[in-house]
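What follows is one structure encoded as structure tokens, with my remarks underneath.
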Amino acid sequence: MMIAAYGLSKFFPVRGAFRATTSLKAVEDVGLKIQNEQVVGLVGESGSGKSTIGRCLIRLLNATDGEVLFDIPDSELADYEKARAAGATERLDEIADRFSLLRRSSSELRAVRRLVNIVFQDPYSSLNPRMKLSTIISEPMLSTRFCTRAEADIRARELLREVGLPEFFEDRFPHELSGGQRQRVAIARAISTNPKLLILDEPTSALDVSVQAQILNLLRGLREKYGMSMLLITHNIAVVAYLAEYVYVMYAGKIMEWGAKAKVLRDPQHPYTKALMSSVPVIGETKTRSILRGDPPNLIVPPLACRFHPRCPVAFEPCGWSAEEVAEDLEFLLTGKYYGTFGDGVSLTTEGERTIIIQGTTDVQRIQELVGLEKEDVRSLNGVQAIDVTDGTTVVRLYEPVEPEMYPSPDGREVKCLLFRADATATAENRAGLAL
Amino acid sequence: MPDALAIRDLHVQFHTRRGIYKALNGVDLALRRGEVLGIAGESGCGKTTLGLAVISLLPRNAAIASGQVVFDNKDLVNLSREYAERAGDRFRPRKHERVLRRVGKAMTPIRGRRISMVFQEPMTSLNPVLPIGFQVAEAVYVHDPALLARRVLARAKATSQDIRDLLTILQQTHGDEAAVKQFATDRGLVGIEEQVLHIWRRQDIHISRKEKAIRALGGQPMNLFERYVFERAAKTGAVPLQFDRLRLVYWLVRLSVLGYILVLLGRRARGILIKEGYRKGQEILTSLGIHHAERVVKMFPHELSGGMRQRVVIAIALANNPEIVIMDEPTSAVDVTVQAQILELVKQIRTSVSASFIVISHDLAVLAEVSDRIAIMYAGRIVEVAPTSEILQKPLHPYTQQLISAIPTLEGKSVEGIKGEVPDMRDPPSGCAFHPRCPFAFEKCNSVVPVDFRQGTDQLVACWLYEGK
């Protein structure tokens, strides 16, 4: 196994009002594995934490929590997973001491830096404008003591040729190059120390489509020639479809679904992946979309349980509805669409996470009818468990939320959605609704 | 039917310190009435320059060397072009700026009102220190204060009897637009109809709530002075008591006590009009699918997400019911799920609004979705124009063919990059600008600029391969 991450989290501190510090949960409890010589795609919208994962994996950022094992034999990894499941901390520590990237000191990391490298998104800011291309390309070779300066110069010229640039470019400066040529230089720099793992952070998003095609073909060629593992981080699903073998789909800091490319992209299972795939415009195809409402959530106060539930078209009872979410929608209905029934004077307050108190009406039956009628469109009403009257006020109680885990599916993929729980008997009809 | 807009042989050159950058080299393009025309091309091919040229927002160092932009039988670029022709090699941006000031005045009744533009990057095209509602209101207030004055007046004049009659008509005709308009004209309440219909058409509230909201429209008190000011504004379109432009008069009036009171009252009246603009903005935002628009109009741009901002920018562009809307990369700053929302929105507004659209994008798949025809640009020229299905299924120009084969698909088919680089437009290649990268180039290509050849029913291609075919 090239690299395996378990329970990886990264929280960024945020200064709130009155010096209270909270944190932005950019990545939470993410597991990710890359086999030797495998290309893995990581897709997600901006702000979903893709780049943060890439940086945490190779310790450009220090993870808040979790474990990253690098270049570990499969037998040891199996051992580690067994110990993790059993909770045998001693055995875990013993294996982690040998393979964990997070436990390396900075001098030990220097040796690892030779084996992993990264290509950044923006080739206009990732190359030092005061350095010649030869200096840029040989820098990682010298800093990791991969070879001597004389050898590095020769190798820099070879690498330029390798990525399809003429050798005389070695004396040029980055500003003399076009975007595509710069990205080629960045790739040359990244492969200069013969790394085993290459992280590509949005390698083509700053480029035009004609140049993007050149870079994609270059990457494909390099991979066939050197057989390195790659983590391809991108928001462009077509790029993943072109290069990767496995795909991880991220949303709001969590992995939603992962599996073999053909399965995840052709036959997505998670409601988010479905919506994502149907959003991609395809030439020569008019499709009926499932348009997601709203926007990605605020990660300082992320939604309860499943982070996708506020936008999910098939969310049901335990997906994590909070009193606030339900109260907002219910109030909108009571004072808007059902104004004729309830009239003025209805007001809602929330009490804790699970209860809503309705003042001004005690007509439980009507409210229940309304909930039944609107459930299909206003998904938050699915969270309503019971409505009853105490002391002249109506009290709405909500279901207890259930945190989804990665549930394995028979075809080898894993899906983080309660619809795919093994014991999900009552949800069969919900899953049928997923057929969209 | 005449075209909504015709661009004829347009040449635009940027005079920079490092030479003359030939951004547009003879663009010929017609925008038909009611269509959505997509413009595609790589970065640096002149897509945005073309959009800016149409609404005369080019910077001062851009010389319009020749050509016309014809809108409603008027040439929009004639002043600029005349200066550039007169100056020739002695083109000076400073002097051009003086010309542009006149161009700006001439364009005021057109720009933002009859032709409007949605700019790239909603973050930078909204003012961060002004609330959303103000920015929508401003667009209406600047161009059509009469509309706002009519709306205020209509509400003040409408008696409760009028409103009751109006409700009866709405119920009888099920919200028929013509009937309501007729009623408003008969009773002298022009301006109330769009407010009433907006409430009536809302899907999310109950009928009795709508009736209540409509009842609340009528009978708002208004003092005589304001009434006079708004009557005048509604008739002449003049902004009430705006002395700001005439400094001397302003101070003379202000120095007298009576004059000062007048100034204050005028300010108050303008405030009422801006408030009315908020109401109008709220209506437009609701029609673009924004929930709780009454809250959104009070927010500032940074409080909104990318998709919402994009909707606001589109709302500003649509505020004055323009005849032409230019959208410059409307979806390139947003994520794919939000992009899908915006694309659906564009499809929806083109059916509800009687405007013609120009959509500029580097993403052919986006254009394929919304446009009727697509024009492909390369090096400042339109190399191919055709209806969407035709250009995607049988692209004729070698550049179009290669551009389409470079797009990766979900099936992971092999992609082919276009070899070479986009030419340096300070010194563009002779003949066809694409010939250095073209696999089919022959002698004629590097010496003679190709003309448009008509292929099939409605396909134009600028390539010598199709000469005589």
Side-chain angles (χ1 to χ4, degrees), chain A residues 44-48 178-181 207-218 220 235-244 261-262 265-266 272 275-286 289-296 311 332-333 335-344, chain B residues 41-45 202-210 212 289 291-292 304-308 331 334-341 343-344 362-370 388-389 392-393 399 402-422 437:
Chain A
E45 298 177 78
S46 50
S48 62
S178 69
Q181 288 170 334
L207 307 175
D208 266 319
V209 54
S210 63
V211 184
Q212 166 175 290
Q214 295 168 4
I215 297 289
L216 291 181
N217 285 331
L218 171 68
R220 198 179 240 192
H235 66 275
N236 189 339
I237 292 151
V239 167
V240 167
Y242 193 60
L243 281 180
K261 171 184 77 180
L265 298 191
R266 292 240 179 84
Y272 173 67
L276 186 69
M277 296 308 296
S278 81
S279 303
V280 179
V282 175
I283 288 180
E285 220 180 273
T286 40
R289 294 219 165 92
S290 68
I291 298 273
L292 290 180
R293 290 156 301 171
D295 300 289
R311 300 175 77 192
F332 193 64
L333 284 174
T335 58
K337 195 166 173 185
Y338 292 86
Y339 178 80
T341 323
F342 297 98
D344 285 316
Chain B
E42 294 176 275
S43 42
C45 71
R202 277 179 69 171
Q203 301 286 326
D204 55 344
I205 54 174
H206 188 262
I207 177 85
S208 53
R209 182 80 189 257
K210 289 182 192 170
K212 198 178 161 201
H291 293 294
H292 304 300
L304 304 181
S305 64
M308 289 276 261
T331 62
V334 296
D335 279 313
V336 62
T337 53
V338 180
Q339 168 172 299
Q341 292 173 1
L343 290 182
E344 291 299 317
H362 66 278
D363 190 344
L364 263 177
V366 164
L367 294 183
E369 194 124 325
V370 295
T388 305
S389 58
L392 296 175
Q393 274 158 24
Y399 177 66
Q402 294 197 26
L403 197 62
I404 290 175
S405 68
I407 301 170
T409 63
L410 293 181
E411 282 74 46
K413 73 153 179 91
S414 67
V415 294
E416 208 64 58
I418 305 178
K419 64 179 199 314
E421 301 280 333
V422 179
R437 303 172 80 185

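Keep in mind that this is a model prediction, so the values were computed, not measured.
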message = Let me confirm one number: the CG-CZ distance from A:Leu292 to A:Arg311, rounded to the nearest 0.5 Å.
response = 4.5 Å
query = For A:Thr335, is it the side chain, the backbone, both or neither that has a heavy atom under 4.5 Å from a heavy atom of chain B?
reply = both
ask   = What part of A:Arg293 gets closer than 4.5 Å to chain B, counting heavy atoms only: side chain, backbone, both or neither?
value = backbone
Examine whether an atom of [X] lies under 4.5 Å from a heavy atom of chain A, and if so say whether it belongs to the side chain, the backbone or both; otherwise answer neither.
X        : value
B:Lys210 : neither
B:Leu392 : side chain
B:Ser405 : neither
B:Gln339 : side chain
B:Leu343 : side chain
B:Thr409 : backbone

key: Note, B:Glu42 side chain near B:Leu403 side chain (heavy atom, < 4.5 Å)   = yes
task = May I ask you to test the A:Val239-A:Gln212 pair for a side-chain heavy-atom distance under 4.5 Å?
result = yes
message = Take a 6.0 Å sphere around NE2 of B:His292 and say whether it holds more than 12 heavy atoms from other residues, nucleotides or ligands.
response = yes
ask   = Considering residues, nucleotides and ligands other than B:Glu344, do more than 12 of their heavy atoms fall under 6.0 Å from its CD?
value = yes
request  = Count the heavy-atom pairs under 4.5 Å between each of B:Ile418, B:Thr337, B:Val336 and chain A, then report the option with the highest count.
outcome  = B:Thr337
query = Within 45° of the ring axis of B:Tyr399 and under 6.0 Å from its six-membered ring centre, is that where the NZ or CZ of B:Arg437 lies?
reply = no
request  = Would you please say whether a donor-acceptor pair under 3.5 Å links the side chains of A:Tyr242 and A:Asn217?
outcome  = yes
ask   = Looking at A:Ala262, A:Ala241, A:Gly179, which makes the most heavy-atom pairs under 4.5 Å with chain B?
value = A:Ala241
